[in-house]
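Read through the structure below, which is laid out as C-alpha coordinates, and then see the notes.
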Amino acid sequence: MSVWVDDVDAVHRRCVEQGLDVTWPPTDMPWRVREMHVRHPDGHVFRISRGVDLD
(Lines give C-alpha, C1' and ligand atoms only; values in the text may rest on other atoms or scores of the structure.)
Protein backbone atom coordinates (compact mmCIF):
# COMPACT_ATOMS: atom_id res chain seq x y z
CA MET A 1 0.00 0.00 0.00
CA SER A 2 1.25 3.49 -0.80
CA VAL A 3 0.52 6.49 1.41
CA TRP A 4 1.21 9.93 -0.06
CA VAL A 5 2.34 12.60 2.42
CA ASP A 6 3.69 16.16 2.38
CA ASP A 7 6.96 15.35 4.20
CA VAL A 8 8.48 11.86 4.08
CA ASP A 9 11.35 12.88 6.37
CA ALA A 10 8.96 14.10 9.07
CA VAL A 11 7.06 10.80 8.89
CA HIS A 12 10.37 8.94 9.11
CA ARG A 13 11.39 10.88 12.25
CA ARG A 14 8.04 10.10 13.85
CA CYS A 15 8.26 6.40 12.99
CA VAL A 16 11.76 6.19 14.49
CA GLU A 17 10.59 8.04 17.63
CA GLN A 18 7.78 5.50 18.00
CA GLY A 19 10.10 2.52 17.50
CA LEU A 20 8.45 1.34 14.29
CA ASP A 21 10.29 -0.98 11.89
CA VAL A 22 11.53 1.25 9.05
CA THR A 23 12.60 -1.23 6.36
CA TRP A 24 13.78 1.40 3.82
CA PRO A 25 14.90 4.89 4.87
CA PRO A 26 13.79 8.01 2.98
CA THR A 27 15.37 7.84 -0.48
CA ASP A 28 14.99 9.87 -3.69
CA MET A 29 14.00 7.34 -6.33
CA PRO A 30 14.63 7.69 -10.09
CA TRP A 31 10.88 7.76 -10.76
CA ARG A 32 10.68 11.24 -9.13
CA VAL A 33 9.42 10.11 -5.74
CA ARG A 34 10.97 10.34 -2.29
CA GLU A 35 9.86 7.29 -0.39
CA MET A 36 10.41 5.12 2.64
CA HIS A 37 8.97 1.79 3.74
CA VAL A 38 7.66 0.94 7.19
CA ARG A 39 6.43 -2.43 8.49
CA HIS A 40 3.14 -2.44 10.36
CA PRO A 41 3.06 -4.72 13.43
CA ASP A 42 0.81 -7.13 11.48
CA GLY A 43 3.62 -7.62 8.93
CA HIS A 44 2.34 -5.48 6.06
CA VAL A 45 4.83 -3.01 4.57
CA PHE A 46 3.63 0.48 3.69
CA ARG A 47 5.31 2.75 1.16
CA ILE A 48 5.30 6.37 2.34
CA SER A 49 5.86 8.68 -0.64
CA ARG A 50 6.01 12.23 -1.92
CA GLY A 51 6.55 13.40 -5.49
CA VAL A 52 9.73 15.41 -6.03
CA ASP A 53 11.16 17.59 -8.78
CA LEU A 54 14.60 16.45 -9.92
CA ASP A 55 15.39 19.57 -11.96
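Note that the structure is predicted; figures quoted are calculated from it, not measured.
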Margin query: According to side chain to side chain donor-acceptor pair (under 3.5 Å), does anything in residues 2-18 pair up with another residue at least two apart or in another chain? List the pairs.
Written below: Asp9-Arg34
Checklist line | Hydrophobic cluster (4.5 angstrom, side-chain heavy atoms) - remaining members for Val16 | finding: Met1, Val3, Val5, Val8, Val11, Leu20, Val22, Met36, Val38, Phe46, Ile48
Next item on the list: With rounding to the nearest 0.5 Å, note down the distance linking NE2 in His37 to CG in Asp21.
Entry: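 Reported to 0.5 Å precision, the distance equals 12.5 Å.
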